[in-house]
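Here is how names work: the chains are called A, B, and so on, in the same order as the sequence lines, proteins then strands, and each is numbered from 1.
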Amino acid sequence: MPSYVIRRILLLIPTVFFAISFLFFLFFTLPGDPANLIAGGFNRTPDPGVVQRAKERYDLDKPLPVQFVHYWERTLKWDLGESYKNRRSVNDILGEHAVNSLRLGIWAILIEVVVGIGVGLIAALRRYSLSDKITTVVTAGMSALPVFVLGFVLQYAFAVYPHKHAWPEWLTLRTQGLGPDSWAFFFIPTGEQWRYLILPAVTLASVSTALAARMMRGSMLEVLRADYMRTARAKGLDERSIIVKHGLRNALIPVVTLIGIDFGTVIGVAVLTETVFSWPGLGSEIASSVTSRDLPVLLGLTLTVVLAYAIINLLVDLSYAFFDPRIRLGEGGEK
Amino acid sequence: MSLGDPQAAGSMVTGPGEPVGGGMDLGAVRPLRKDVWRRFRRNRMAMIGLVFLVFLVIVAVFAPLIAPYSITQRVPLFREGPSRDHLFGTDIIGRDLFSRVVYGARVSLKIGILASVLSLAIGILLGSTAGFFGGKLDTLIMRITDIFLAIPYIVLAIAIAAIFGKSENTIILVIGLTGWLSITRIVRASFLSLTQQEYVEAAIALGYSRTRIMFRHILPNALQPIIVYGTISVGGVILTEAALSFLGVGPQDPTPAWGLMVAQGKGDLVNASHLLFFPAAAIVLTVLSFVFIGDGLRDALDPKLK
Amino acid sequence: MPKRDRSIVARLLALLAVLAFVAAACGGSSDKNSDASGGTKDTTASDKTGGEIVDLGTFQGDPPEHIDPGLNSTLDAYQVINELYDGLTDIDASDPANPKIKPLVAESYKSNADATVWTFKIRKDAVFSNGEAVLPSSFQRAWERASNKDFAGDYSYLFNFLKGGKEKLDGTATTISGINADDATRTLTVTLAKPYSNFDAVAGFQIFFPMPKAVEALKDQKDWENQLMIGNGPYKLAAPRTSEQIELVRNDKWGGDVLGNKTAILDKVTFKVSKDVDTAYNAFEAGEGDTANIPPGRVDEAKQNYGTTLDVNILGSYHYDVNQNDPSIGGAKNLKLRQAFSLALNRDEINKAVYDSSRTVSTGVTPPGIPGFKKDLCDYCKYDPTQAKKLVAEWKAAGNKQSGPIKIQINADNGHEPVVAIFVDNLKAVGIDAVVDPRPTETYFSSLAKGACVVCRAGWFADYPTYDNFMYDLFHKDAIGGNNYSQFDNAQFNSLVDEAKQTVDKDKQAQLFQQAEKVLLDDVGVIPLLWYRGDYVYNNKKFTNFEQTNFGLILWDQIKLK
């Protein structure tokens, strides 16, 4: 096991290096001279002196390979540089946005786990019942609706409409921003905070919850037909303990994989949800850094997302061993 | 990895570990076409999906006959709700929304299918090469896949759109070039196990060329997950197009892409809800059709399930 | 269009405050009399202070890049900075037709005969919000800081006005030699690099705002705006800015404004950042904020239910430049085609369809509110498809034909697509073949400056309220390579503008500018379309005295609770 973990971590290094280096060079193939744009070129023709100073400040006057080496020298010391756009330290930007992303992501995943697995399980156990059919249609429908449309509908239904009809204040949810920043244990909203969290969390969770429910249903159905389940039944064990002890554990494996992947994506690239609810997370910041040609922010934030994604995937793979004792890590190459 | 609000092609199906791509179960047994169709037909949702898809294709092909107006023709009615003359109402500059949604079937199907085909082609090529040859080639391909999986999808999408400009064709390129990662893994997994099968060993012993073995002998047996994945991913692509339009890197007006229309109508939920409703409904129904057809195919192709 | 039109905005901002020439005619009068203006001081309302306002209309998209006056280059952030800092002078725009430059932190100022040496006398009671006196050295400190090579922002080139400013910016000098601050006599003496009679207007620009001693303790100047930045304006920061919001609270040590107001009325102003104009409006409707930007399509509804600033004329023009060197539409032989082009456009319909009639249909480029403005200068700005068809026929009869569709260029994804869609349709109706050519924002303006324009979307907000800011800066031959995207170079026009700029008599000057604009419009060097109006909506059940100036600034400190 430890050697497996070490091997995975070693494999991570070249992946991250090439991914970030690829982005570095991709950046310079984008149209528009970065220094010109930093100096205000999105809107007009900037003063040549200002362009020149921007070049010098950000190393852009040096040949690309030199910049590249400088970049990695700084990055290895975890100095992510300074945003071209607002001159804030990327380390600071990262800290602020990562916390926001993490909080939103945790709740989206909690919803996915509880609702997705729960609904999928119930649907599987009551196959062909009305609730199963409803689950099938609703989950499919949820994953077929563009996320931002769902966000707009929720905003109207739970914020605008209640306000216009003078519902009590606490029933009116909030649509923009982080709220009062009152959290217990890092992620539990207290006071007014939950009114700000609920809509973005639900929106972000919507699609993945629907997928998790569909997958849980399918996976559970398959497990229920498996030989070992038949054996267990033949042994006369009671149905409930069969399902919990044998069925659930096996059925959860693919779902856990999905949730692991979602956790990575939810943190790094929840661009649509963050945009609709003005939630200052990593995803929207990364997206806008490409558009605004803010290289240090792009690379710094992506680097973090990549690392987080890799670590979560590693944890997910390790968790297989827990769910299915037959799986032994470190054998048979990669999964 | 895919768009976070996970609507890119990738997550419509599943990640690694899902039974679909398991390979082991596929064996060399190919279900008969007739059986597949019989089983497919029994799945009511899949049939509804298929019927809708056929309808959609007819609409797309005969759009000029169905649509009363062209996509750019204007009348002096702005943001008007549905009426007898304009079944779906008019948009902000007075174009007939019904006609645009009808022509949109062409655009959205074209984007959905071509982008899926592009990513399938890349995925099959890389996945089969990796799975069949194994060794260093396999490692190299999988490392490259990992690298691209690590880069947030949206970064690549915005960058490609910035380099090639924004158009229908660019979107196909963007989604095609970013959507091949999951399929590569699925195909590789199938090939890894199929290469061990006796009939492949027999073929090698007979001295057939590697390409022949790869594409004539193994690929047909690895097709099931590819077909299922490909079908569902068409729906995923249509959603991705909507997401990219919302972020301002989709096709450009006056292209009647549904996703673009939805993104443009995002503020009109209450005031002129028809601008949002009709294109959104078109997207939802189309995506659902592809998902149900994909589900149906999966069940039909894998006889064990029934 | 959903997002603020940044291209134009930036310009405004740029020099919005470079207000140069502002008082060209008025001179640097230092009288405090603002009776004539009348507007802002509401004598009936009580002087009670208190209340809070939450703004959702200023920051849409990304949070403001900078709120440091030395770095900012956008109007959006200027809304905040203008509340945090006061400069030597300010513009009194309460009479929109006749804006005046007045001393603010300076109690008086004068220049020498050739306008190369300016002497500002700083008010005795001027203090920063921490109690520190605002001294001549506070300005010197700020200017040296903002012109530091390693810090310099987008508008640092304004220090080129000062003697020694260029050397400082280049890094060849460590201080600007033209600044002399004498704190004992409260005198700031500024020597300019060359004569400039409107430096008093420039001196009120944000980059010239004073800075307290605290900045000297900073290890890195860029950190200033991320902490509790200290200023001398009506408000001060309540907390360091975040990506999500900027909170201001009243500064009780404020010295008052040029309109005679002595105190900020609301206790607190919070600017919230929204990433999307439509969701911001939703949030406004859900009671999360008190102001918003009006998205197209919501104008009627906003007018019915809330208060708006839609009646305010903003000093800006939305127009399309026509490249005079382009073979398909430029030059004398294509004059009739250009005229037909302009006559074919149904401006009313564009305004109604795309902007919900929230703008004013142009009858020229120079907007109302600019001294010397005259209505209906443009003969080809009305909608006359019959005449347009006739002109096209004549143009063809002269042996011309279109070799391909005329390209109409826009910076993509900034909301101009529907406008051009109507263009193309209108033009087709009169027999002109045209096509939209959307171009990436990143390279749009630099390519236009290099001559890539055919018919290209442009726009302009007044940097300062003068006629020449539209004529000289946009269409004079000196502006070719810069903002003259039309490559317009007409001898008669150039000489009229040159003459007008030197003319002291205001009526005479106005006539000359009007003649020049007429030449430009008759030659269709530009196709005027719309003039801007205010675009804020606010909760008028709660607030009153919500004013937007012609320059687009909201007077946040004078908003009152109802």
(message) Which atoms of A/T275 are under 4.5 Å from chain B, going by heavy atoms: the side chain, the backbone, both sets, or neither?
(response) side chain

(message) Please classify the contact of A/F18 with chain B as side chain, backbone, both or neither, using a heavy-atom distance under 4.5 Å.
(response) both

(request) Evaluate the side-chain proximity of A/F148 to B/V262: yes if any heavy-atom separation is below 4.5 Å, no if none is. (result) yes

(request) Please report the closest heavy-atom contact between B/A150 and A/T15, naming both atoms and the distance. (result) CB-CG2, 4.5 Å

(request) For chain A, find which of B/L276, B/I283, B/V270 contributes the most heavy-atom pairs closer than 4.5 angstrom. (result) B/V270

(request) Go through A/F17, A/F27, A/F22 and name the one with the most non-hydrogen pairs under 4.5 angstrom from chain B. (result) A/F22

(request) Please indicate whether A/Y161 has more than 12 foreign heavy atoms, meaning atoms of other residues, nucleotides or ligands, lying under 6.0 Å from its OH. (result) no

(message) Is it true that, when you exclude B/F277 itself, more than 12 heavy atoms of the residues, nucleotides or ligands shown sit nearer than 6.0 Å to its CZ?
(response) no

(request) Quick one: closest heavy-atom pair of A/P31 and B/A162, and the distance? (result) CG-O, 3.2 Å

(request) Could you check if a side-chain atom of B/L247 sits within less than 4.5 angstrom of a side-chain atom of A/T291, using non-hydrogen atoms only? (result) no

(message) For the OH atom on A/Y156, are there more than 12 heavy atoms of other groups (residues, nucleotides or ligands in this structure) within a distance under 6.0 Å?
(response) yes

(message) I need the minimum non-hydrogen distance between B/P152 and A/I286, along with the two atoms involved.
(response) CG-CD1, 4.5 Å

(request) Output the option from A/V276, A/L303, A/V160, A/L30 having the highest count of non-hydrogen pairs under 4.5 Å with chain B. (result) A/L30

(message) Within a 6.0 Å radius of atom CZ on B/F164, are there more than 12 heavy atoms belonging to other residues, nucleotides or ligands?
(response) no

(request) Heavy atoms only, distances under 4.5 angstrom: which of B/A281, B/A263, B/G248, B/A157 has the most pairs with chain A? Name it, please. (result) B/A263

(message) Taking side chain as everything from C-beta outward and backbone as N, CA, C, O, which of these in B/F290 sits under 4.5 Å from a heavy atom of chain A? Side chain, backbone, both or neither.
(response) neither

(request) Look at B/V155, B/I160, B/L285, B/I238 and state which one has the largest set of heavy-atom pairs under 4.5 Å with chain A. (result) B/V155

(request) Kindly give the heavy-atom pair with the smallest separation between A/S143 and B/V287, and that separation in Å. (result) O-CG1, 4.5 Å

(request) Quick one: pull up CD1 in B/I151 and OH in A/Y309 and give me the separation to the nearest 0.5 Å. (result) 12.5 Å

(request) Heavy atoms only: give me the nearest A/L26-B/A159 pair and the separation to one decimal. (result) CD2-CB, 3.6 Å

(message) Which one wins on heavy-atom pair count under 4.5 Å against chain A: B/L156, B/L269, B/I144?
(response) B/L269

(request) To the nearest 0.5 Å, tell me how far A/L272 CG sits from B/I154 CD1. (result) 7.0 Å

